[in-house]
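Right, one structure below, let's go through it.
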Protein chains: 2
Amino acid sequence: MVRWEPGAAGRLREAAMALYAEQGYDGTTVAQIADRAGVTARTFFRYFADKREVLFAGSEELERVIADAVIAAPAEAGPMEAVAAGVLAAGEAFVGRRDFARQRYAVVAATPELREREFIKMASLVEAFRAALQERGVAPGRAVLAAETGITVFRVAFERWVEGAEADLVVVIRETLGELSELTS
Amino acid sequence: MVRWEPGAAGRLREAAMALYAEQGYDGTTVAQIADRAGVTARTFFRYFADKREVLFAGSEELERVIADAVIAAPAEAGPMEAVAAGVLAAGEAFVGRRDFARQRYAVVAATPELREREFIKMASLVEAFRAALQERGVAPGRAVLAAETGITVFRVAFERWVEGAEADLVVVIRETLGELSELTS
DNA sequence: TTCGGTGATGTCATCGTGTGACATCACTGA
DNA sequence: TCAGTGATGTCACACGATGACATCACCGAA
(Lines give C-alpha, C1' and ligand atoms only; values in the text may rest on other atoms or scores of the structure.)
Protein backbone atom coordinates (compact mmCIF):
# COMPACT_ATOMS: atom_id res chain seq x y z
CA MET A 1 0.00 0.00 0.00
CA VAL A 2 1.36 3.38 -1.02
CA ARG A 3 1.54 6.06 1.56
CA TRP A 4 0.76 8.82 -0.90
CA GLU A 5 -0.17 9.24 -4.55
CA PRO A 6 2.64 10.67 -6.70
CA GLY A 7 2.28 13.90 -8.64
CA ALA A 8 1.08 16.14 -5.85
CA ALA A 9 2.34 19.27 -7.59
CA GLY A 10 0.36 18.53 -10.75
CA ARG A 11 -2.79 17.73 -8.80
CA LEU A 12 -2.44 20.95 -6.84
CA ARG A 13 -2.07 22.92 -10.06
CA GLU A 14 -5.16 21.40 -11.60
CA ALA A 15 -7.20 21.77 -8.44
CA ALA A 16 -6.20 25.41 -8.11
CA MET A 17 -7.05 26.25 -11.73
CA ALA A 18 -10.43 24.57 -11.42
CA LEU A 19 -11.33 26.20 -8.13
CA TYR A 20 -10.13 29.66 -9.15
CA ALA A 21 -12.27 29.36 -12.27
CA GLU A 22 -15.31 28.07 -10.36
CA GLN A 23 -15.27 30.24 -7.25
CA GLY A 24 -12.79 32.97 -8.03
CA TYR A 25 -9.37 33.42 -6.54
CA ASP A 26 -10.49 35.22 -3.39
CA GLY A 27 -13.27 32.77 -2.78
CA THR A 28 -10.89 29.86 -2.78
CA THR A 29 -8.77 28.87 0.21
CA VAL A 30 -5.52 26.97 0.13
CA ALA A 31 -7.18 24.36 2.31
CA GLN A 32 -9.78 23.73 -0.40
CA ILE A 33 -7.13 23.33 -3.07
CA ALA A 34 -5.16 20.96 -0.89
CA ASP A 35 -8.29 18.95 -0.06
CA ARG A 36 -9.16 18.49 -3.71
CA ALA A 37 -5.60 17.39 -4.40
CA GLY A 38 -5.70 14.99 -1.47
CA VAL A 39 -2.98 16.62 0.63
CA THR A 40 -2.81 19.09 3.49
CA ALA A 41 -2.38 22.84 3.21
CA ARG A 42 1.12 22.52 4.58
CA THR A 43 2.05 20.39 1.61
CA PHE A 44 0.68 23.01 -0.77
CA PHE A 45 3.20 25.48 0.60
CA ARG A 46 6.01 22.97 0.18
CA TYR A 47 5.41 22.97 -3.57
CA PHE A 48 4.38 26.58 -4.11
CA ALA A 49 5.67 29.62 -2.32
CA ASP A 50 2.22 31.15 -2.09
CA LYS A 51 -1.35 30.92 -3.28
CA ARG A 52 -0.60 32.75 -6.55
CA GLU A 53 2.49 30.85 -7.57
CA VAL A 54 0.53 27.67 -8.22
CA LEU A 55 -0.61 29.27 -11.50
CA PHE A 56 2.82 30.52 -12.52
CA ALA A 57 5.37 27.89 -11.63
CA GLY A 58 7.24 26.76 -14.72
CA SER A 59 7.57 30.15 -16.36
CA GLU A 60 11.35 29.89 -16.20
CA GLU A 61 11.00 27.62 -19.19
CA LEU A 62 9.93 30.56 -21.31
CA GLU A 63 12.95 32.53 -20.14
CA ARG A 64 15.15 29.79 -21.53
CA VAL A 65 13.29 29.67 -24.83
CA ILE A 66 13.69 33.39 -25.34
CA ALA A 67 17.32 33.52 -24.32
CA ASP A 68 18.22 30.61 -26.57
CA ALA A 69 16.50 32.15 -29.57
CA VAL A 70 18.13 35.53 -29.04
CA ILE A 71 21.56 33.99 -28.76
CA ALA A 72 20.96 31.74 -31.74
CA ALA A 73 19.97 34.63 -34.00
CA PRO A 74 22.35 35.23 -36.92
CA ALA A 75 25.47 37.16 -35.99
CA GLU A 76 24.67 39.91 -38.48
CA ALA A 77 21.17 40.49 -37.05
CA GLY A 78 20.67 43.85 -35.36
CA PRO A 79 19.19 44.26 -31.87
CA MET A 80 15.64 44.48 -33.12
CA GLU A 81 15.95 41.37 -35.27
CA ALA A 82 17.28 39.50 -32.27
CA VAL A 83 14.36 40.76 -30.22
CA ALA A 84 11.97 39.57 -32.90
CA ALA A 85 13.61 36.15 -32.87
CA GLY A 86 13.13 35.90 -29.11
CA VAL A 87 9.51 37.00 -29.15
CA LEU A 88 8.65 34.68 -32.02
CA ALA A 89 10.28 31.74 -30.25
CA ALA A 90 8.19 32.49 -27.18
CA GLY A 91 5.14 32.51 -29.41
CA GLU A 92 5.97 29.10 -30.80
CA ALA A 93 5.91 27.67 -27.28
CA PHE A 94 2.13 28.18 -27.27
CA VAL A 95 1.30 26.26 -30.42
CA GLY A 96 -1.90 24.29 -29.92
CA ARG A 97 -2.49 25.63 -26.44
CA ARG A 98 -4.87 28.45 -27.10
CA ASP A 99 -7.79 26.91 -25.20
CA PHE A 100 -5.67 26.42 -22.15
CA ALA A 101 -4.19 29.90 -22.53
CA ARG A 102 -7.66 31.37 -22.74
CA GLN A 103 -8.92 29.71 -19.60
CA ARG A 104 -5.84 30.68 -17.68
CA TYR A 105 -5.94 34.22 -19.05
CA ALA A 106 -9.53 34.63 -17.91
CA VAL A 107 -8.68 33.56 -14.38
CA VAL A 108 -5.64 35.79 -14.15
CA ALA A 109 -7.34 38.81 -15.71
CA ALA A 110 -10.16 38.58 -13.20
CA THR A 111 -7.94 39.04 -10.15
CA PRO A 112 -5.60 41.95 -9.46
CA GLU A 113 -3.38 39.83 -7.25
CA LEU A 114 -2.86 37.35 -10.05
CA ARG A 115 -2.23 40.13 -12.54
CA GLU A 116 0.45 41.45 -10.23
CA ARG A 117 2.19 38.11 -10.25
CA GLU A 118 1.87 37.90 -14.01
CA PHE A 119 3.59 41.25 -14.36
CA ILE A 120 6.53 40.24 -12.24
CA LYS A 121 6.92 37.10 -14.28
CA MET A 122 7.06 39.29 -17.35
CA ALA A 123 9.79 41.27 -15.64
CA SER A 124 11.76 38.04 -15.36
CA LEU A 125 11.31 37.54 -19.08
CA VAL A 126 12.61 41.05 -19.66
CA GLU A 127 15.66 40.24 -17.59
CA ALA A 128 16.34 37.03 -19.50
CA PHE A 129 15.88 38.93 -22.72
CA ARG A 130 18.25 41.69 -21.65
CA ALA A 131 20.97 39.31 -20.55
CA ALA A 132 20.80 37.43 -23.83
CA LEU A 133 20.98 40.63 -25.85
CA GLN A 134 24.00 41.79 -23.91
CA GLU A 135 25.62 38.47 -24.55
CA ARG A 136 25.25 39.31 -28.24
CA GLY A 137 27.15 42.50 -27.67
CA VAL A 138 24.24 44.91 -27.52
CA ALA A 139 25.11 47.88 -25.31
CA PRO A 140 23.60 47.69 -21.80
CA GLY A 141 21.25 50.65 -22.03
CA ARG A 142 20.05 49.66 -25.46
CA ALA A 143 19.59 46.08 -24.32
CA VAL A 144 17.24 47.15 -21.53
CA LEU A 145 15.09 49.19 -23.88
CA ALA A 146 15.06 46.48 -26.52
CA ALA A 147 14.16 43.81 -23.99
CA GLU A 148 11.35 45.88 -22.51
CA THR A 149 10.05 46.61 -25.96
CA GLY A 150 10.19 42.95 -26.91
CA ILE A 151 8.15 41.86 -23.93
CA THR A 152 5.69 44.67 -24.52
CA VAL A 153 5.13 43.33 -28.00
CA PHE A 154 4.73 39.84 -26.64
CA ARG A 155 2.16 40.94 -24.07
CA VAL A 156 0.14 42.93 -26.55
CA ALA A 157 0.23 40.15 -29.10
CA PHE A 158 -0.68 37.53 -26.52
CA GLU A 159 -3.69 39.50 -25.43
CA ARG A 160 -4.83 39.97 -29.01
CA TRP A 161 -4.36 36.27 -29.68
CA VAL A 162 -6.36 35.21 -26.66
CA GLU A 163 -9.18 37.60 -27.39
CA GLY A 164 -9.17 37.38 -31.16
CA ALA A 165 -9.87 34.87 -33.90
CA GLU A 166 -6.42 34.18 -35.30
CA ALA A 167 -5.33 30.76 -34.08
CA ASP A 168 -1.60 31.18 -34.50
CA LEU A 169 0.16 33.37 -31.96
CA VAL A 170 3.21 33.68 -34.19
CA VAL A 171 1.14 35.37 -36.86
CA VAL A 172 -0.20 37.87 -34.35
CA ILE A 173 3.30 38.58 -33.09
CA ARG A 174 4.48 39.30 -36.63
CA GLU A 175 1.60 41.72 -37.14
CA THR A 176 2.33 43.44 -33.86
CA LEU A 177 6.02 43.83 -34.61
CA GLY A 178 5.16 45.38 -37.95
CA GLU A 179 2.71 47.72 -36.34
CA LEU A 180 5.29 48.85 -33.81
CA SER A 181 7.82 49.77 -36.41
CA GLU A 182 5.17 51.72 -38.30
CA LEU A 183 4.16 53.49 -35.12
CA THR A 184 7.64 54.64 -34.15
CA SER A 185 9.00 55.45 -37.58
CA MET B 1 -8.12 68.56 24.19
CA VAL B 2 -8.13 66.88 20.78
CA ARG B 3 -9.02 63.28 20.65
CA TRP B 4 -6.61 62.55 17.80
CA GLU B 5 -3.95 64.35 15.80
CA PRO B 6 -4.99 65.16 12.24
CA GLY B 7 -3.14 63.87 9.22
CA ALA B 8 -3.12 60.19 10.09
CA ALA B 9 -2.72 59.14 6.46
CA GLY B 10 0.38 61.28 5.99
CA ARG B 11 1.92 60.06 9.22
CA LEU B 12 1.28 56.47 8.21
CA ARG B 13 2.91 57.04 4.85
CA GLU B 14 6.01 58.56 6.39
CA ALA B 15 6.25 55.91 9.07
CA ALA B 16 5.94 53.15 6.50
CA MET B 17 8.60 54.60 4.21
CA ALA B 18 11.00 55.01 7.11
CA LEU B 19 10.43 51.55 8.52
CA TYR B 20 10.56 49.81 5.15
CA ALA B 21 13.88 51.56 4.50
CA GLU B 22 15.26 50.76 7.96
CA GLN B 23 14.09 47.19 8.46
CA GLY B 24 12.92 46.10 5.07
CA TYR B 25 9.35 45.50 4.00
CA ASP B 26 9.10 41.95 5.31
CA GLY B 27 10.69 42.89 8.60
CA THR B 28 8.09 45.55 9.25
CA THR B 29 4.63 44.84 10.65
CA VAL B 30 1.57 46.96 10.18
CA ALA B 31 1.39 47.28 13.96
CA GLN B 32 4.83 48.93 13.97
CA ILE B 33 3.83 51.42 11.30
CA ALA B 34 0.63 52.23 13.14
CA ASP B 35 2.50 52.61 16.43
CA ARG B 36 4.95 55.06 14.94
CA ALA B 37 2.08 57.03 13.47
CA GLY B 38 0.26 57.01 16.78
CA VAL B 39 -2.76 54.98 15.71
CA THR B 40 -3.85 51.35 15.79
CA ALA B 41 -3.39 48.77 13.07
CA ARG B 42 -7.10 48.85 12.40
CA THR B 43 -6.83 52.49 11.48
CA PHE B 44 -4.01 51.73 9.06
CA PHE B 45 -6.37 49.52 7.10
CA ARG B 46 -9.01 52.23 7.07
CA TYR B 47 -6.64 54.44 5.08
CA PHE B 48 -4.82 51.86 2.98
CA ALA B 49 -6.22 48.68 1.52
CA ASP B 50 -3.12 46.71 2.38
CA LYS B 51 0.45 46.94 3.57
CA ARG B 52 1.79 47.74 0.08
CA GLU B 53 -0.69 50.40 -0.86
CA VAL B 54 0.70 52.84 1.69
CA LEU B 55 3.59 53.46 -0.72
CA PHE B 56 1.43 53.80 -3.82
CA ALA B 57 -1.68 55.74 -2.90
CA GLY B 58 -1.92 58.89 -4.97
CA SER B 59 -0.78 57.43 -8.25
CA GLU B 60 -4.11 58.27 -9.86
CA GLU B 61 -2.76 61.78 -10.04
CA LEU B 62 -0.23 60.69 -12.63
CA GLU B 63 -2.99 59.07 -14.66
CA ARG B 64 -4.70 62.42 -14.86
CA VAL B 65 -1.51 64.22 -15.84
CA ILE B 66 -0.87 61.80 -18.68
CA ALA B 67 -4.42 61.78 -19.94
CA ASP B 68 -4.63 65.57 -19.91
CA ALA B 69 -1.39 65.94 -21.83
CA VAL B 70 -2.40 63.38 -24.44
CA ILE B 71 -5.72 65.03 -24.99
CA ALA B 72 -4.18 68.49 -25.08
CA ALA B 73 -1.65 67.54 -27.76
CA PRO B 74 -2.11 69.38 -31.09
CA ALA B 75 -4.84 67.95 -33.27
CA GLU B 76 -2.39 67.31 -36.08
CA ALA B 77 -0.03 65.28 -33.87
CA GLY B 78 0.21 61.59 -34.71
CA PRO B 79 -0.20 58.80 -32.14
CA MET B 80 3.47 58.72 -31.27
CA GLU B 81 3.68 62.46 -30.76
CA ALA B 82 0.70 62.25 -28.46
CA VAL B 83 2.40 59.45 -26.57
CA ALA B 84 5.52 61.56 -26.26
CA ALA B 85 3.47 64.43 -24.89
CA GLY B 86 1.96 62.17 -22.24
CA VAL B 87 5.26 60.66 -21.16
CA LEU B 88 6.96 64.06 -21.01
CA ALA B 89 4.14 65.47 -18.92
CA ALA B 90 4.53 62.57 -16.50
CA GLY B 91 8.22 63.35 -16.34
CA GLU B 92 7.54 66.96 -15.44
CA ALA B 93 5.58 65.82 -12.41
CA PHE B 94 8.86 64.70 -10.85
CA VAL B 95 10.76 67.97 -11.11
CA GLY B 96 12.83 68.50 -7.99
CA ARG B 97 11.86 65.19 -6.47
CA ARG B 98 14.78 63.01 -7.45
CA ASP B 99 16.01 62.40 -3.91
CA PHE B 100 12.61 61.27 -2.82
CA ALA B 101 12.22 59.19 -5.96
CA ARG B 102 15.54 57.52 -5.31
CA GLN B 103 14.74 56.56 -1.75
CA ARG B 104 11.36 55.23 -2.73
CA TYR B 105 12.78 53.40 -5.73
CA ALA B 106 15.35 51.67 -3.53
CA VAL B 107 12.68 50.43 -1.15
CA VAL B 108 10.41 49.20 -3.92
CA ALA B 109 13.20 47.58 -5.92
CA ALA B 110 14.33 45.63 -2.86
CA THR B 111 11.03 43.81 -2.40
CA PRO B 112 9.27 41.63 -4.97
CA GLU B 113 5.89 42.26 -3.40
CA LEU B 114 6.33 45.99 -3.80
CA ARG B 115 7.58 45.60 -7.34
CA GLU B 116 4.41 43.66 -8.12
CA ARG B 117 2.30 46.52 -6.90
CA GLU B 118 4.39 48.98 -8.87
CA PHE B 119 3.75 47.01 -12.02
CA ILE B 120 0.02 47.01 -11.57
CA LYS B 121 0.10 50.75 -11.02
CA MET B 122 1.93 51.05 -14.30
CA ALA B 123 -0.85 49.02 -15.87
CA SER B 124 -3.27 51.67 -14.65
CA LEU B 125 -1.15 54.29 -16.35
CA VAL B 126 -1.30 52.25 -19.55
CA GLU B 127 -5.05 52.17 -19.29
CA ALA B 128 -5.30 55.92 -18.76
CA PHE B 129 -2.97 56.43 -21.68
CA ARG B 130 -4.96 54.13 -23.92
CA ALA B 131 -8.26 55.75 -23.11
CA ALA B 132 -6.86 59.21 -23.83
CA LEU B 133 -5.39 58.09 -27.13
CA GLN B 134 -8.67 56.58 -28.20
CA GLU B 135 -10.38 59.81 -27.29
CA ARG B 136 -8.07 61.43 -29.85
CA GLY B 137 -9.36 59.03 -32.44
CA VAL B 138 -6.49 56.56 -32.44
CA ALA B 139 -7.74 53.11 -33.42
CA PRO B 140 -8.24 50.75 -30.44
CA GLY B 141 -5.57 48.19 -31.29
CA ARG B 142 -3.06 50.87 -32.13
CA ALA B 143 -3.93 52.76 -28.96
CA VAL B 144 -3.10 49.75 -26.79
CA LEU B 145 0.27 49.26 -28.42
CA ALA B 146 1.08 52.96 -28.29
CA ALA B 147 0.07 53.21 -24.64
CA GLU B 148 2.13 50.17 -23.67
CA THR B 149 5.07 51.53 -25.56
CA GLY B 150 4.71 54.91 -23.90
CA ILE B 151 4.76 53.46 -20.41
CA THR B 152 7.68 51.23 -21.32
CA VAL B 153 9.62 54.33 -22.29
CA PHE B 154 8.60 56.01 -19.07
CA ARG B 155 9.73 53.06 -16.95
CA VAL B 156 13.05 52.73 -18.70
CA ALA B 157 13.70 56.46 -18.54
CA PHE B 158 12.68 56.63 -14.89
CA GLU B 159 15.09 53.87 -13.98
CA ARG B 160 17.90 55.56 -15.88
CA TRP B 161 17.13 58.85 -14.18
CA VAL B 162 17.12 57.36 -10.70
CA GLU B 163 20.33 55.47 -11.25
CA GLY B 164 22.16 58.01 -13.38
CA ALA B 165 23.62 61.48 -13.11
CA GLU B 166 21.24 63.55 -15.22
CA ALA B 167 19.06 65.58 -12.86
CA ASP B 168 16.18 66.24 -15.24
CA LEU B 169 13.86 63.35 -15.96
CA VAL B 170 12.43 65.11 -18.99
CA VAL B 171 15.85 65.11 -20.63
CA VAL B 172 16.23 61.39 -20.04
CA ILE B 173 12.78 60.75 -21.46
CA ARG B 174 13.67 62.68 -24.62
CA GLU B 175 16.82 60.60 -25.03
CA THR B 176 14.92 57.38 -24.49
CA LEU B 177 12.25 58.28 -27.01
CA GLY B 178 14.92 59.03 -29.56
CA GLU B 179 16.65 55.79 -28.87
CA LEU B 180 13.43 53.86 -29.32
CA SER B 181 12.76 55.30 -32.72
CA GLU B 182 16.32 54.49 -33.76
CA LEU B 183 15.93 50.96 -32.48
CA THR B 184 12.73 50.18 -34.32
CA SER B 185 13.46 51.97 -37.57
C1' DT C 1 -27.33 75.43 26.93
C1' DT C 2 -28.49 70.90 25.81
C1' DC C 3 -28.82 67.22 22.93
C1' DG C 4 -28.73 64.16 18.96
C1' DG C 5 -25.99 63.24 14.89
C1' DT C 6 -21.51 62.57 12.67
C1' DG C 7 -16.99 60.98 11.83
C1' DA C 8 -12.49 59.26 13.12
C1' DT C 9 -10.76 56.08 16.03
C1' DG C 10 -10.34 52.10 19.32
C1' DT C 11 -11.52 47.30 20.81
C1' DC C 12 -12.59 42.67 20.05
C1' DA C 13 -13.21 38.55 17.49
C1' DT C 14 -12.18 35.86 13.62
C1' DC C 15 -10.48 33.91 9.31
C1' DG C 16 -6.84 32.99 5.99
C1' DT C 17 -1.89 33.04 4.67
C1' DG C 18 2.51 31.49 5.45
C1' DT C 19 6.33 29.21 8.22
C1' DG C 20 9.13 26.66 11.70
C1' DA C 21 9.70 22.45 14.39
C1' DC C 22 8.96 17.92 14.88
C1' DA C 23 6.69 13.28 14.05
C1' DT C 24 5.47 9.59 10.85
C1' DC C 25 6.09 5.97 7.69
C1' DA C 26 6.97 3.65 3.13
C1' DC C 27 10.91 2.78 0.64
C1' DT C 28 15.92 1.87 -0.31
C1' DG C 29 20.37 -0.02 0.00
C1' DA C 30 23.98 -2.11 2.77
C1' DT D 1 17.40 -6.37 9.55
C1' DC D 2 18.24 -1.83 10.12
C1' DA D 3 19.73 3.03 9.51
C1' DG D 4 18.87 6.56 6.43
C1' DT D 5 16.02 9.32 3.24
C1' DG D 6 12.23 11.87 1.52
C1' DA D 7 7.42 13.18 1.15
C1' DT D 8 3.91 14.05 4.05
C1' DG D 9 1.17 15.04 8.36
C1' DT D 10 0.50 17.53 12.82
C1' DC D 11 0.90 21.33 15.78
C1' DA D 12 1.75 25.96 17.07
C1' DC D 13 2.08 30.57 15.91
C1' DA D 14 2.79 35.36 13.84
C1' DC D 15 0.98 38.40 10.76
C1' DG D 16 -2.45 40.35 7.37
C1' DA D 17 -6.99 41.66 6.72
C1' DT D 18 -11.97 42.47 7.84
C1' DG D 19 -16.59 42.80 10.18
C1' DA D 20 -19.19 44.37 14.25
C1' DC D 21 -19.64 47.32 17.77
C1' DA D 22 -18.14 50.95 21.26
C1' DT D 23 -16.23 55.49 22.23
C1' DC D 24 -15.84 60.31 22.24
C1' DA D 25 -14.73 65.08 20.51
C1' DC D 26 -17.06 68.15 17.69
C1' DC D 27 -20.93 70.65 15.40
C1' DG D 28 -25.29 72.41 14.47
C1' DA D 29 -30.22 72.83 15.73
C1' DA D 30 -33.77 73.52 19.05
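Proteins get letters first, then strands, A, B, ... in listed order; numbering begins at 1 in each.
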task = Could you check how far CZ of A/R52 sits from C1' of C/dT17, rounded to whole Å?
result = 10 Å
Spacing of A/L12 atom CG relative to C/dG18 atom P, expressed in whole Å = 14 Å
ask   = Between B/Y20 and B/Y25, what is the ring plane arrangement, given parallel below 30°, perpendicular above 60°, and tilted in between?
value = perpendicular
ask   = Side chains of B/R36 and B/Q32: donor-acceptor distance under 3.5 Å anywhere?
value = no
Out of D/dG16, C/dT17, D/dT8, whichever nucleotide has its closest atom nearest the side chain of A/K51 = C/dT17
ask   = Nearest heavy-atom pair of A/E116 and B/I120: which atoms, and what distance?
value = CG-CD1, 3.6 Å
request  = Taking all heavy atoms of A/S181 and all of B/T184, pick out the closest pair and write down the distance.
outcome  = CB-O, 3.5 Å
inquiry  = Below 4.0 angstrom, which residues in residues 19-45 of chain A have at least one non-hydrogen atom near DNA chain C?
reply    = A/T28, A/T29, A/V30, A/R42, A/F45
message = Five pairs per end, C1' atoms only: what is the angle between the end axes of the helix from C/dT1-D/dA30 to C/dA30-D/dT1, to 10 degrees?
response = 0°
query = Between C/dG10, D/dA7, C/dA21, which one does the side chain of A/Y47 approach most closely?
reply = D/dA7
query = Closest approach of B/P74 and B/R136, non-hydrogen atoms and distance?
reply = O-NH2, 2.9 Å
note = Residues in residues 106-119 of chain B with a heavy atom under 4.0 Å of DNA chain C, by number, are none
ask   = Is there a donor in the side chain of B/E148 and an acceptor in the side chain of A/T152, or the other way round, less than 3.5 Å apart?
value = no
inquiry  = For A/F56, does the six-membered ring have the charged nitrogen or CZ of A/R104 within the cation-pi criterion, i.e. under 6.0 angstrom from the centroid and within 45° of the normal?
reply    = yes
request  = Examine distances only and state if a side-chain atom of A/R102 and a backbone atom of A/V162 form a donor-acceptor pair shorter than 3.5 Å.
outcome  = yes
task = Decide, yes or no, whether a salt bridge links B/E61 with B/R64 under the criterion of side-chain N to carboxylate O below 4.0 Å.
result = no
query = How long is the line joining CZ of B/R46 and C1' of C/dC12, in whole Å?
reply = 12 Å
note = Separation between CE (B/M80) and CG (B/L177), nearest 0.5 Å, reads 6.0 Å
remark   = So CD1 of B/I173 and CZ of B/R160: to nearest 0.5 Å the spacing works out to 11.5 Å
